[in-house]
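The basis for the numbers below is simple: all heavy atoms, side chains too, and nothing from hydrogens, waters or symmetry mates.
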Amino acid sequence: MKKIINIKSLLGIITCSLLLVLFACSDNILDQQNNNATSTANFGTSVEQVKSAINGAFHPITGTFFWGRIVHTGAMLRSDEFNVFPFGSNTAMSTFLGNPGDRWATEPWQELYKSIARCNNVIISVTEEGIPDQTTRENLVGQAYFLRAFDYWYLVNLYGNVPLITELPDLDNLLVKQATPESVWAQIISDLEMAETMLPDSWTGEDLGRPTSGAATALKGKSYLYMKQFGPAATALGSLVGKYSLLPAANFGENFSTTNENNSESVFELQFLGQQTFVWGSDIPGTGSMGNYHIDYATPTKSPDKGHLINPWLKDLFEANGDTVRRNETLLYDYPGATGYGGASFNIDLADTLDEDGNVVAGDLTVAADAGLEAIYGKKYSGMDLGARGDVDFLGTNVGNNWRIIRYADVLLMLAEALNEDNMTSQAIQYIDMVRDRANLTLIADTNPGINQVDMRQAIIEERAMELAGEGHRFFDLVRWDLADDYMGATSLHGTHPKSLSGGIFQSNKHELIWIPNSERDSNPNLDQNPGYN
């Protein structure tokens with residue numbers, strides 16, 4: 001069993017509020033000392049105490065209500081990769097049919113701000129006086145800076161208009177206003193630059209998997225790319241070349257499995273551990289760090305929701321490029337040697353079965369046929385690498401695949417994009433070719449060394465689709481490229497609409513963002529709703 005870093009195993013939740021429970025009016029009862037609490041006066045004076053606080057800041061991120069599951073339902077499945085079967089309010093966001101009263105916008109907002117509050121506590125409270133050793137102190141505080149930037153990165157890309165909070169709570173000023181996206185991006189860059197200088201190049205032992213200086217640089221480069229500041233993006237991303245390495249083609253699937261986690265290609269990944277101690281959405285130690293995202297990536301007959309199909313344009317893209325290396329680890333359909341759960345062949349694994357009474361139970365082949373679509377399913381993070389269908393819990397409680405947030409292949413493709421957009425197309429070729437070479441594809445340097453900027457832009461778009469399919473990048477890519485309406489609007493360039501199963505249609509100036517949760521606006525009238533959701 002893999003060793004999980006303290007983020008999971010030594011959680012200490014540092015709260016930012018005080019709950020006063022009054023059992024009687026007696027002065028003696030009220031005048032009590034809590035011997036189990038860490039007081040604000042001595043917080044930051046113990047290394048183990050601060051480590052526990054850092055772990056507490058990570059826990060809302062890996063828990064069910066953010067990356068553990070809900071961000072996938074609410075954001076990742078919005079892309080044109082997934083044709084989602086409608087399942088009430090669970091899929092309202094991923095099918096562009098949601099309204100501010102529907103589920104799944106509230107939880108990510110709350111979990112991210114919970115994490116931010118804990119990061120603020122560490123950043124503000126941990127000082128040289130409390131932890132004199134500079135390296136130890138900076139390694140701890142640097143993680144808080146990185147995680148706060150990570151939290152705001154997703155807030156600004158999911159919600160757009162969010163409050164920017166970098167101080168401890170002011171009980172006299174809780175009704176905060178939204179900041180401009182530009183000021184949030186500026187804070188992200190500032191935090192990442194602090195993290196770069198404080199974090200080590202690598203971690204070992206039980207700390208393996210914590211954010212590094214390279215992870216901070218990668219997220220900074222990605223942030224500049226999203227801000228369309230291509231020169232700074234290229235500088236940041238280019239500084240990482242050679243510091244990581246792509247896995248061999250034969251090991252491409254190890255980028256998503258429980259095998260070889262935190263490997264040479266991993267720049268930053270969230271640590272997960274399949275565990276049976278499951279409390280839905282819990283923020284207490286020992287629960288909530290299992291891969292409930294399995295629900296959203298499993299085939300329909302393995303999902304407690306109704307699941308989805310992969311749209312055929314992605315299959316066609318792999319086949320047009322002759323890309324079997326990545327296809328075989330990304331998609332499951334009827335190609336030679338295709339295997340599903342536990343290595344069972346495609347036509348057996350997805351076929352109808354009989355229940356104990358001899359009744360036919362529809363398999364995934366029948367589900368697709370009944371929908372009038374080709375049976376194409378995803379493999380990444382679906383649990384297929386963990387064993388037979390019956391071995392994978394239907395809620396994903398025993399799914400422990402670390403989620404690779406940033407891989408070196410992504411860094412190389414972002415670098416190629418930044419250079420191309422900065423009118424340095426010829427310099428971009430080598431970086432997209434490094435990714436293509438691993439996939440055993442022909443190189444642009446050999447077939448089209450004089451490629452122009454427009455054609456390179458399209459080549460990068462297609463390369464990102466093949467390399468990063470099913471990893472949570474595509475929707476954000478389409479939005480920042482201003483292509484979301486082209487592919488998911490009323491008239492899709494894909495031909496068949498990618499949300500045909502639900503009838504949902506992407507609307508410009510609305511669906512780029514999700515709505516500000518009604519519950520937050522009810523408690524804070526200073527929060528304005530995003531365009532299109534009023």
With a cut-off of 3.5 Å and sequence neighbours excluded, list every side-chain donor-acceptor pair involving residues 230-249.
from   : atom 1 : to     : atom 2 : distance (Å)
Thr235 : OG1    : Gly231 : O      : 3.1
Ser239 : OG     : Ala236 : O      : 2.6
Ser245 : OG     : Ser264 : OG     : 3.1

Review item, side-chain donor-acceptor pairs of residues 65-78, under 3.5 Å, at least two apart:
from  : atom 1 : to     : atom 2 : distance (Å)
Arg69 : NE     : Asp296 : OD2    : 3.0
Arg69 : NH2    : Thr73  : OG1    : 3.4
Arg69 : NH2    : Asp296 : OD1    : 3.2
Arg69 : NH2    : Asp305 : OD2    : 2.7
His72 : ND1    : Tyr297 : OH     : 2.8
His72 : NE2    : Trp67  : O      : 2.8
Thr73 : OG1    : Asp296 : OD1    : 2.9
Thr73 : OG1    : Asp296 : OD2    : 3.0
Arg78 : NH1    : Met93  : O      : 3.2
Arg78 : NH2    : His511 : O      : 2.3

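For the ring pair (Phe, Tyr, Trp, His ring centres under 6.0 Å) condition, the pairs that include at least one residue of residues 325-347, sequence neighbours left out, are Tyr333-Tyr335. Sorted by first and then second residue, the pairs that involve residues 327-349 and meet salt bridge (Lys or Arg N to Asp or Glu O under 4.0 Å), not counting sequence neighbours, are Asp349-Arg389.
Donor-acceptor pairing under 3.5 Å is lacking for the side chains of Glu81 and Asn311. No hydrogens or angles considered: nothing links the side chains of Glu193 and Ser190 as a donor-acceptor pair under 3.5 Å. A side-chain donor-acceptor contact under 3.5 Å links Asp385 and Asn401. A side-chain N or O of Arg210 and one of Asn55 form a donor-acceptor pair less than 3.5 Å apart. Remark: the Asn452 side chain and the Thr425 side chain contain no N/O donor-acceptor pair separated by less than 3.5 Å.
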Using the salt bridge (Lys or Arg N to Asp or Glu O under 4.0 Å) rule, take Arg457 and Glu421 through it: C-alpha gap first, then chi angles, then the decisive distance, then the call. CA-CA 8 Å; Arg457 185 178 296 134; Glu421 297 303 325; 2.7 Å; yes
Could you walk me through whether Arg404 and Glu254 pass the salt bridge (Lys or Arg N to Asp or Glu O under 4.0 Å) check? CA-CA 11 Å; Arg404 283 64 163 185; Glu254 292 179 2; over 6 Å; no
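Looking at residues two or more places apart in sequence or on another chain, you find no salt bridge (Lys or Arg N to Asp or Glu O under 4.0 Å) involving Asp393. The side chain to side chain donor-acceptor pair (under 3.5 Å) test applied to Ser257 returns no partner, not counting sequence neighbours.
Remark: the backbone N or O of Thr91 is paired with a side-chain donor or acceptor of Ser94 at under 3.5 angstrom. Without hydrogens or angle criteria, Glu196 side chain to Ser213 main chain gives no donor-acceptor distance under 3.5 Å. At distances below 3.5 Å, not a single donor-acceptor pair connects side-chain atoms of Asp80 with backbone N or O atoms of Pro498. For the pair Asn263 (side chain) and Asn260 (backbone), a donor-acceptor distance under 3.5 Å is present.
For the pair Lys222 and Trp153, the distance from NZ or CZ to the six-membered ring centre is under 6.0 Å and the angle to the ring normal is within 45 degrees.
Taking the six-membered ring where the residue is Trp, Phe268 and Phe146 present perpendicular rings, their angle passing 60° and hence far from 30°. Ring geometry for Trp313 against His494 counts as parallel: the plane angle stays under 30°, on a 0 to 90° scale with 60° as the upper cut.
Taking the side chain as every heavy atom from C-beta outward, Lys315 and Phe318 never approach each other to under 4.5 Å. In this structure, the side chains of Asn328 and Lys379 stay at 4.5 Å or more apart for every pair of heavy atoms. Proximity of Leu415 to Ile432: side-chain heavy atoms (C-beta onward) are nowhere separated by under 4.5 Å.
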